[in-house]
Amino acid sequence: MKLKKKLVYVGLSADILHQGHINILKIANSYGDVIVGLLTDDAIASYKKLPYLDFKQRKIVLENMKYVKKVIPQRTLDYVDNLYTIKPDYVVHGDDWKHGIQKKTRDRVIKTLKKWSGKLIEPKYTKNISSTIIKNKISEFLSPDNRVSRLKRLINSKDIVRILESHNSLTGLIIENLKINKKNKDIEFDGMWSSSLTDSATKGKPDNSSVDFSSRLSSLSNMMEVTSKLLVFDADNGGQLEHLSFLVRSLERLGASAIIMEDKIGLKKNSLFKNQSDTKQDKPEIFAKKIKEICKSRKNKNFMVIARIESFIVGKGLNDALKRAEIYSKAGADAILIHSKEKTPSEIFSFSREFKKSKNFIPLVSVPSTYSKVYEKDLIKNGFKLVIYANQLLRAAYPAMQFTAQKILENSRAFEIEKKIIPIKEIINLIKND
């Protein structure tokens with residue numbers, strides 16, 4: 001009688017397979033039939049960057065490896081649910097998880113395995129090789145097409161996608177490199193916002209579309225050249241319908257993930273001005289034609305068109321905003337940015353409560369410039385999937401530069417300001433010099 005083979009469980013992200021993964025799977029296979037618990041996109045995005053390959057693509061690769069018997073989804077970082085389902089004889093994992101973010105996961109695996117006398121096997125971690133190292137190298141040669149798709153995948157995988165305004169290549173690098181550890185999770189911005197307001201301000205021009213798209217795309221090209229994170233483009237009202245297809249193609253070539261268009265017409269007036277009496281909204285049916293034109297023009301189906309509704313800004317209220325959201329969603333919009341200049345998020349939350357009841361509901365976008373006290377967790381509870389911090393870096397930079405210039409004038413030298421500004425060395429090291 002043939003003895004039943006023992007079951008071996010291996011938890012993997014397996015975004016980019018390398019010799020370390022092969023080593024683990026080979027060792028696991030020597031103990032019995034290998035079941036891989038493949039982390040879903042959601043599980044991976046909960047603690048680090050979204051994988052290049054989505055779950056289905058990674059699953060196909062692993063299912064075709066000779067060391068693997070079966071692949072099942074692991075929906076969280078925690079192994080316990082899958083372990084209770086399978087009750088494996090062994091779990092195999094590299095010894096690198098004895099410390100750091102995965103230590104608690106390891107402790108729970110050991111505790112769970114004891115319930116049926118299972119064992120944890122920990123081969124020595126393969127040094128100087130990891131998916132993260134490989135991905136950092138790949139990001140230097142990242143294709144625009146991969147970058148275009150990033151936002152839609154993140155929206156499908158994360159509770160909320162976090163975007164910060166970038167008005168030049170230097171701010172792009174800040175967003176690219178900044179990462180903090182909070183409650184054993186790496187927290188970072190997912191991408192950049194190319195704002196017409198901050199683009200205009202840095203060029204010394206008013207925010208009324210006086211900086212044309214050609215000029216903005218030129219600046220954008222420089223920023224995209226030195227960064228790898230996704231970018232969302234602020235297109236004001238999109239300009240002429242007949243010109244939209246050319247703008248979309250240019251954005252896709254550069255690697256932008258989305259275009260945001262507002263439903264206003266005439267000479268642009270920034271939505272945060274108090275007096276909006278002379279501001280007019282486009283007819284929703286006409287604005288819907290712009291949405292359809294973008295959908296028709298885009299080459300990559302993952303390039304997103306986000307419709308920005310200005311009903312609250314111009315005083316038309318909730319019902320008008322909901323009516324427009326229905327029309328824009330049916331026209332093909334991938335998300336709705338509901339804009340407000342109130343000091344609290346009550347207006348946008350009233351919109352989200354009603355719009356969530358619609359069969360045409362699509363993800364919501366928030367720009368908390370005036371209601372900055374709102375926490376991301378509250379946006380999540382109210383159905384928002386994307387938050388854009390739209391102007392904070394420029395607002396921080398301007399007073400700092402003005403203060404520095406003033407102190408140099410007052411003291412007729414730069415010494416007094418040196419301790420309040422970063423060393424030149426730090427700026428030099430921010431820029432790669434390979």
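Being a predicted model, the structure only gives us computed values, none of them experimental.
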Asker: More than 12 heavy atoms of other residues, nucleotides or ligands under 6.0 Å from CZ of Arg249: yes or no?
Answerer: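 Atom CZ in Arg249 is packed in, count exceeds 12.
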
Asker: Please report the C-alpha distance between Ile306 and Ile259 in whole Å, then the side-chain angles of each, then the deciding distance to 0.1 Å, and finally whether the side-chain contact (heavy atoms from CB on, under 4.5 Å) criterion is met.
Answerer: CA-CA 6 Å; Ile306 300 173; Ile259 183 172; over 6 Å; no

Asker: Determine, step by step, whether Ile338 and Val365 satisfy the side-chain contact (heavy atoms from CB on, under 4.5 Å) criterion, reporting the C-alpha distance in whole Å, the side-chain angles of both residues, the deciding distance to 0.1 Å, and the verdict.
Answerer: CA-CA 7 Å; Ile338 182 66; Val365 182; over 6 Å; no

Asker: Measuring from Ile380:CD1 to Ile160:CD1, what's the distance to the nearest 0.5 Å?
Answerer: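 Here the interatomic distance stands at 5.0 Å.
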
Asker: If we ignore angles and hydrogens, is there a donor and acceptor under 3.5 Å between the side chains of Ser196 and Asp199?
Answerer: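 Not at all, the side chains of Ser196 and Asp199 share no donor-acceptor pair under 3.5 Å.
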
Asker: Would you say Ile260 and Val232 make side-chain contact, with heavy atoms under 4.5 Å?
Answerer: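 A side-chain contact exists here, since the closest heavy-atom pair is under 4.5 Å.
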
Asker: Answer yes or no: is there an ion pair linking Glu188 with Arg162, defined by an N-O contact shorter than 4.0 Å?
Answerer: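 No, no charged N to carboxylate O under 4.0 Å.
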
Asker: What I want to find out is whether Glu310 reaches Arg308 closely enough, with some N-O distance under 4.0 Å, to be called a salt bridge.
Answerer: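 Here Glu310 pairs with Arg308 in a salt bridge, since their nearest N and O are under 4.0 Å apart.
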
Asker: Show the numbers, then the answer: is there a salt bridge (Lys or Arg N to Asp or Glu O under 4.0 Å) between Lys289 and Glu293?
Answerer: CA-CA 6 Å; Lys289 289 181 181 178; Glu293 180 63 24; over 6 Å; no

Asker: Any donor and acceptor pair, going by atom type alone, linking the side chain of Lys292 with main-chain N or O of Phe287 inside 3.5 Å?
Answerer: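 Not a single qualifying donor-acceptor pair exists.
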
Asker: Checking the side chain of Thr171 only, and the main-chain atoms of Ser166 only, is there a donor and an acceptor separated by less than 3.5 Å?
Answerer: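 Absent.
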
Asker: Please answer whether the main-chain N or O of Asp263 pairs with a side-chain N or O of Asp282 as donor and acceptor at a distance below 3.5 Å.
Answerer: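 No: the side chain of Asp282 does not pair with the backbone of Asp263.
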
Asker: Can you confirm whether the side chains of Tyr52 and Asn146 place a donor and an acceptor under 3.5 Å from each other?
Answerer: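 Result is no, nothing qualifies.
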
Asker: Please check if the side chain of Glu122 supplies one atom and the backbone of Leu120 the other of a donor-acceptor pair under 3.5 Å.
Answerer: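 No; zero donor-acceptor contacts below 3.5 Å.
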
Asker: Have Tyr328 and Asn360 got a donor and an acceptor in their side chains that come within less than 3.5 Å?
Answerer: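 Their side chains do not contain a donor-acceptor pair, so the 3.5 Å distance test is not met.
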
Asker: Is the side chain of Arg413 donor-acceptor paired with the backbone N or O of Ile408 at a distance under 3.5 Å, no angle test?
Answerer: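 No; judged by distance alone, with no hydrogens or angles, the pair does not exist.
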
Asker: I'd like to know whether Arg147 forms a side-chain hydrogen bond (donor to acceptor under 3.5 Å, both in side chains) with Thr227, so could you lay out the CA-CA distance, the side-chain angles of the two residues, the decisive distance to 0.1 Å, and finally the verdict.
Answerer: CA-CA 11 Å; Arg147 208 168 179 179; Thr227 59; 2.7 Å; yes

Asker: Assess whether side-chain contact (heavy atoms from CB on, under 4.5 Å) is satisfied between Phe349 and Lys381, documenting all intermediate values.
Answerer: CA-CA 10 Å; Phe349 288 173; Lys381 281 179 193 173; over 6 Å; no

Asker: Please determine, by modelled atom types, if Arg216 and Ser194 share a side-chain donor-acceptor pair under 3.5 angstrom.
Answerer: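 Distance-only check passes for Arg216 and Ser194.
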
Asker: Do Asp334 and Lys152 meet the salt-bridge criterion of a basic N to acidic O distance under 4.0 Å?
Answerer: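 So Lys152 pairs with Asp334 through a salt bridge.
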
Asker: To the nearest 0.5 angstrom, please state how far the CZ atom of Arg353 sits from the CD1 atom of Ile348.
Answerer: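 If I round to the nearest 0.5 Å, the distance is 10.5 Å.
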
Asker: More than 12 heavy atoms of other residues, nucleotides or ligands under 6.0 Å from NZ of Lys119: yes or no?
Answerer: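 Atom NZ in Lys119 is not crowded, with 12 or fewer foreign heavy atoms closer than 6.0 Å.
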
Asker: To check you understand the geometry: which heavy-atom pair defines the closest contact between Ala325 and Ile336, and what is its length?
Answerer: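 Taking Ala325 first and Ile336 second, the nearest heavy atoms are CA-CD1, 4.2 Å.
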
Asker: Rounded to the nearest 0.5 Å, what separates atom CG in Leu62 from atom NE2 in His21?
Answerer: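 If I round to the nearest 0.5 Å, the distance is 8.5 Å.
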
Asker: Could you give the distance from CD (Glu262) to CD1 (Ile309), rounded to the nearest 0.5 Å?
Answerer: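 Interatomic distance, Glu262 CD to Ile309 CD1, rounded to 0.5 Å: 12.5 Å.
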
Asker: Any side-chain donor paired with an acceptor under 3.5 Å for Tyr371 and Ser366?
Answerer: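 Yes, side-chain donor-acceptor contact under 3.5 Å.
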
Asker: With a sphere of 6.0 Å drawn around CD1 of Ile422, does it hold more than 12 non-hydrogen atoms of other residues, nucleotides or ligands?
Answerer: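 Buried by this count: over 12 neighbours within 6.0 Å.
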
Asker: Using the side-chain hydrogen bond (donor to acceptor under 3.5 Å, both in side chains) rule, take Asn391 and Ser369 through it: C-alpha gap first, then chi angles, then the decisive distance, then the call.
Answerer: CA-CA 8 Å; Asn391 45 54; Ser369 296; 3.3 Å; yes

Asker: Any salt bridge between Lys103 and Asp96, counting N to O under 4.0 Å?
Answerer: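 Looking at Asp96 together with Lys103, the answer is no, because their closest N to O distance does not fall below 4.0 Å.
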
Asker: Checking Lys407 now: which residues fulfil side chain to side chain donor-acceptor pair (under 3.5 Å) with it, not counting sequence neighbours?
Answerer: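 Listed in chain order: Glu410.
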
Asker: Got a sec, which residues hit side chain to side chain contact (heavy atoms under 4.5 Å, CB included) with Ser221, two or more places apart in sequence or on another chain?
Answerer: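 By the side chain to side chain contact (heavy atoms under 4.5 Å, CB included) rule, Ser221 matches Leu254.
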
Asker: Just wondering, are more than 12 heavy atoms of other shown residues or ligands nearer than 6.0 Å to NZ in Lys356?
Answerer: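 Yes, because the 6.0 Å sphere around NZ of Lys356 holds more than 12 heavy atoms from other groups.
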
Asker: How far does OG of Ser311 sit from CD of Glu347, to the nearest 0.5 angstrom?
Answerer: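 CD of Glu347 is found 10.0 Å from OG of Ser311.
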
Asker: Looking at residues at least two apart in the chain, or sitting in another chain, which of them share a side chain to side chain contact (heavy atoms under 4.5 Å, CB included) with Ile121?
Answerer: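 Ile121: side chain to side chain contact (heavy atoms under 4.5 Å, CB included) contacts with Tyr31, Tyr90, Val92, Pro123.
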
Asker: For Asn237 and Lys264, indicate whether the former's side chain and the latter's backbone hold a donor-acceptor pair under 3.5 Å.
Answerer: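 Looks like yes, one N/O pair under 3.5 Å.
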
Asker: What distance separates Ser46 OG from Asp41 CG, expressed to the nearest 0.5 Å?
Answerer: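 Taking OG in Ser46 and CG in Asp41, the distance rounds to 11.0 Å.
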
Asker: Kindly check if the number of other-residue, nucleotide or ligand heavy atoms within 6.0 Å of CD (Gln57) is above 12?
Answerer: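 Yes, because the 6.0 Å sphere around CD of Gln57 holds more than 12 heavy atoms from other groups.
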
Asker: Is the ring pair Trp97/Tyr79 parallel, tilted or perpendicular, if the boundaries are 30 and 60 degrees?
Answerer: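 Tilted, since the angle between the ring planes falls between 30° and 60°.
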
Asker: Are Val36 and Glu63 packed together at the side-chain level, in the sense that at least one heavy-atom pair is separated by less than 4.5 angstrom?
Answerer: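 Not touching, per the 4.5 Å side-chain cut-off.
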
Asker: For Glu342, what residues pass the salt bridge (Lys or Arg N to Asp or Glu O under 4.0 Å) criterion, not counting sequence neighbours?
Answerer: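 Residues passing salt bridge (Lys or Arg N to Asp or Glu O under 4.0 Å) with Glu342: none at all.
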
Asker: Anything under 30° is parallel, anything over 60° is perpendicular, the rest tilted; go ahead and classify Phe233 against Phe213.
Answerer: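 It falls in the tilted class, 30° to 60°.
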
Asker: Do any N or O atoms from the side chain of Ser218 and from the backbone of Ser215 form a donor-acceptor pair under 3.5 angstrom?
Answerer: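 No; zero donor-acceptor contacts below 3.5 Å.
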
Asker: Under 3.5 Å, side chain of Lys229 to main-chain N/O of Ile175, donor-acceptor pair present?
Answerer: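 Yes.
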
Asker: Tell me, please, whether Tyr375 has Lys377 positioned over its six-membered ring: NZ or CZ under 6.0 Å from the ring centre and within 45 degrees of its axis?
Answerer: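 Checked: cation-pi criterion met.
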
Asker: Could I get the full list of side chain to side chain donor-acceptor pair (under 3.5 Å) partners for Asn302, not counting sequence neighbours?
Answerer: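 If we apply the side chain to side chain donor-acceptor pair (under 3.5 Å) test to Asn302, skipping adjacent residues, the hits are Ser149.
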
Asker: Does Lys111 pair with Asp107 as a salt bridge, N-O distance under 4.0 Å?
Answerer: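 No salt bridge links Lys111 with Asp107.
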
Asker: Check whether Thr404 reaches the backbone of Ala400 with its side chain - one donor and one acceptor, N or O, closer than 3.5 Å.
Answerer: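 Checking the backbone N and O of Ala400 against the side chain of Thr404, a donor-acceptor pair under 3.5 Å is found.
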
Asker: Test your reading of the model: is there a side-chain donor-acceptor pair from Arg153 to the backbone of Pro51, 3.5 Å cut-off?
Answerer: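 Pair found, side chain donor or acceptor close to backbone of Pro51.
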
Asker: Tell me, please, which residues at least two apart from Lys158 pass salt bridge (Lys or Arg N to Asp or Glu O under 4.0 Å).
Answerer: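 Once residues adjacent in sequence are excluded, the partners of Lys158 under the salt bridge (Lys or Arg N to Asp or Glu O under 4.0 Å) criterion are Asp190.
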
Asker: Would Glu252 and Arg298 pass as an ion pair if we require N to O under 4.0 Å?
Answerer: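 Answer for the salt bridge query: no.
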
Asker: In terms of the angle between their ring planes, are Phe355 and Phe361 parallel, tilted or perpendicular, with boundaries placed at 30° and 60°?
Answerer: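 Plane angle between 30° and 60°, so tilted.
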
Asker: Between Ile35 and Val8, does the side-chain contact (heavy atoms from CB on, under 4.5 Å) criterion hold? Intermediate values first, please.
Answerer: CA-CA 6 Å; Ile35 299 174; Val8 187; over 6 Å; no

Asker: Under a 3.5 Å cutoff, is there a donor and acceptor pairing between the side chains of Thr105 and Asp78?
Answerer: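 The answer is no; no qualifying pair exists.
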
Asker: Do Ser214 and Asp212 have side-chain atoms, one donor and one acceptor, less than 3.5 Å apart?
Answerer: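 Not at all, the side chains of Ser214 and Asp212 share no donor-acceptor pair under 3.5 Å.
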
